[in-house]
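This report refers to the structure that appears directly beneath it.
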There are 2 protein chains.
Amino acid sequence: MPGHRGASPRLAIAARPFLSGPATDGARRDLLTAQERERLAPIASLVRIERGAILFRQGAEATAIYDIAGGVLKSVTLRPDGTRAILGFFFPQDIVGLAEDGRYVSTVQAVSSAVLYRMPLPALERLLRRDSELDHQFLMKACHELRAAQLHVLTLGIARADIRLARFLDLMRQIQAPEGARLAFIDLPMSRADIGEYLGLTPETVSRVFARLQRAQIIACPDPHHVRIVDEARFHAIAQEEARPRVPPSRLSAAG
Amino acid sequence: MPGHRGASPRLAIAARPFLSGPATDGARRDLLTAQERERLAPIASLVRIERGAILFRQGAEATAIYDIAGGVLKSVTLRPDGTRAILGFFFPQDIVGLAEDGRYVSTVQAVSSAVLYRMPLPALERLLRRDSELDHQFLMKACHELRAAQLHVLTLGIARADIRLARFLDLMRQIQAPEGARLAFIDLPMSRADIGEYLGLTPETVSRVFARLQRAQIIACPDPHHVRIVDEARFHAIAQEEARPRVPPSRLSAAG
DNA sequence: CGCGCGCCTTGATCCGGGTCAAAAGGCTAG
DNA sequence: CTAGCCTTTTGACCCGGATCAAGGCGCGCG
């Protein structure tokens with residue numbers, strides 16, 4: 001497994017930020033505050049990349065961390081055999097650039113054209129050494145990233161495609177919703193192939209499940225990149241409960 | 001998704017420990033050194049738990065971090081519908097007790113009877129605040145844990161059961177091997193069901209794949225808890241390459 | 001010593017997702 | 001407007017893993 005020296009990383013751990021109880025009460029502690037962003041401004045420079053462009057490659061020397069101002073990116077990993085897997089999608093205000101041993105851990109590519117703030121590593125390191133609050137914030141992000149990966153594992157551990165897709169849609173909804181609101185409309189800037197690579201499914205299957213959920217009146221897809229949750233109850237049942245009553249393969253009307 | 005407030009954790013991030021290049025050259029930086037262990041000794045107390053016993057439960061208030069002295073544990077998560085998933089296995093010298101918002105993130109249970117050093121959180125926090133080197137070490141572990149989860153995602157993204165199992169065996173081998181040596185014998189203290197829950201497969205499938213790999217002379221299983229890699233080349237091909245030439249479903253002799 | 005209970009294995013069947021293939025829609029450039 | 005490419009959709013078929021079920025082994029306990 002790539003970039004993985006020796007027998008190492010199998011441990012659930014608690015570092016300083018994990019230890020403390022609920023910190024800044026209520027606030028979304030995994031995002032930078034406007035104030036913190038301001039403190040980063042001096043070392044940040046604006047960069048723009050086009051749809052499909054690669055921000056940096058897995059294994060390349062890590063030179064900067066990026067704060068996303070606009071657009072959507074994806075984290076891609078090549079398997080030894082050449083197939084790809086998508087580890088995650090990143091949206092505005094997310095920070096990308098995880099490195100290990102000074103090398104980027106995965107390739108990051110633009111799903112849509114994007115604008116980012118580039119923070120060179122040496123300057124950032126200096127800043128973090130002086131600003132422990134900011135440092136804490138960055139660690140918080142690492143923690144949440146870990147939790148996200150674990151949730152991803154949970155989803156992939158389930159075979160059924162409709163559950164995987166429903167969970168993915170729910171995740172996208174959570175990301176797009178301001179403060180945990182349940183939006184009915186979901187934006188999907190990524191392609192069916194991207195979704196498939198994230199969920200361990202083929203694009204064909206992704207498309208078929210979309211069609212199935214649509215026929216069953218659970219969701220509506222005006223176009224491939226927009227989804228509306230029509231039947232919240234049944235949608236939730238699929239995403240969360242993994243319940244037996246699942247979407248029939250080809251039937252149209254789901255029995256009440 | 002459990003314990004997951006709002007729209008938060010989607011970000012690849014770099015915190016202080018990630019930023020710096022190769023640190024202590026050569027040393028396994030994700031394990032505590034004897035010296036560091038010594039510094040932890042004053043606040044640690046020895047505890048012993050029996051096979052099957054639960055160390056702590058997901059969602060419970062985090063009171064301590066544990067350093068494994070002997071035995072094997074597993075990290076289990078309950079899905080909303082009651083099915084379980086295993087996020088990872090932990091071996092001696094691993095540290096368990098990841099918490100978020102002061103609550104344990106997953107349930108940890110003993111695969112075999114185990115002996116651990118218990119480090120109460122308040123004391124540990126105090127210690128880490130004074131000992132930045134130790135603190136650094138803990139963060140390193142969080143980083144590696146994240147990488148491990150990503151590798152897990154990569155494995156689960158592949159449908160084929162024999163690849164998943166081969167990767168799992170390879171991972172177990174790496175963990176048991178001292179300093180990256182390629183052992184031929186692998187210890188599997190966990191049950192077939194455990195392996196299945198880790199790989200997103202049923203116990204029956206796990207057993208069948210074991211049988212298939214054995215018939216193909218790729219591995220040998222003197223008993224269910226011990227594996228010997230017989231044909232390193234073909235084993236590696238399955239685990240790493242995801243190559244087309246895979247183990248035939250029922251054929252005995254693999255054509256040269 | 002023998003019974004019973006887990007765990008593991010093996011078998012038979014079914015079904016969902018992968019695969020191969022083709023056609024339709026949408027966007028851009030000419 | 002049209003040609004060409006890429007993405008998406010849909011279809012047909014096949015295969016591998018889930019499921020249901022039964023049988024074997026090992027170990028602890030009565």
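Lettering follows sequence order; numbering is per chain, from 1. Keep in mind that the numbers below use all heavy atoms, side chains included, and drop hydrogens, waters and symmetry copies.
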- Query: Starting at NE2 of A:H226 and ending at C1' of C:dG26, how long is that distance when rounded to a whole Å?
  - Reply: 15 Å
- Task: Please report, rounded to the nearest Å, how far the P atom of D:dT7 is from the CD atom of A:E197.
- Result: 11 Å
- Query: What integer distance in Å separates A:I195:CD1 from D:dT9:P?
  - Reply: 9 Å
- Query: Between D:dT7 and A:H225, is there an OP1 or OP2 to side-chain N/O distance shorter than 4.0 Å?
  - Reply: no
- Note on the structure: B:D223 atom CG is separated from C:dC8 atom P, nearest whole Å, by 10 Å
- Do you see a donor-acceptor pair shorter than 3.5 Å between the side chains of A:Q58 and A:S106? no
- With the sugar-phosphate defined as primed atoms, P, OP1 and OP2, and the base as all remaining atoms, what B/S/- string results for nucleotides 18-30 of chain D, 5' to 3', for protein heavy atoms under 4.0 Å? SBB----------
- Please figure out whether B:R51 or B:A211 has its closest DNA chain C nucleotide nearer the 5' end. B:R51
- Does the side chain of A:D187 pick up a donor-acceptor pair with the side chain of A:H225 at under 3.5 Å? no
- Between B:R228 (side chain) and B:P222 (backbone), is there a donor-acceptor pair under 3.5 Å? no
- Find out whether the Lys NZ or Arg CZ of A:R57 is both under 6.0 angstrom from the six-membered ring centre of A:Y104 and within 45° of the ring's axis. no
- Expressed in angstrom and rounded to an integer, what is the separation of B:I158 atom CD1 from C:dG17 atom P? 18 Å
- Looking at OG of B:S75 and CZ of B:F90, how far apart are the two atoms once the value is rounded to the nearest 0.5 Å? 4.5 Å
- Query: Which residues satisfy the side-chain hydrogen bond (donor to acceptor under 3.5 Å, both in side chains) test with B:R103, sequence neighbours excluded?
  - Reply: none
- Residue B:S207, side-chain atoms from C-beta onward, closest of C:dT9, C:dG17, D:dT8: C:dT9
- Does the side chain of B:R160 get closer than 4.0 angstrom to OP1 or OP2 of C:dT19 through an N or O atom? no
- Note on the structure: Here the distance between atom P of D:dG17 and atom CD1 of B:I163, to the nearest Å, is 9 Å
- Report the distance from atom CZ of B:R212 to atom C1' of C:dT10, rounded to the nearest whole Å. 13 Å
- Note on the structure: Rounded to whole Å, CZ of A:R192 lies from P of C:dG17 at a distance of 16 Å
- Query: Which class fits the ring pair A:Y198 and A:F89: parallel under 30°, tilted 30 to 60°, perpendicular over 60°?
  - Reply: tilted
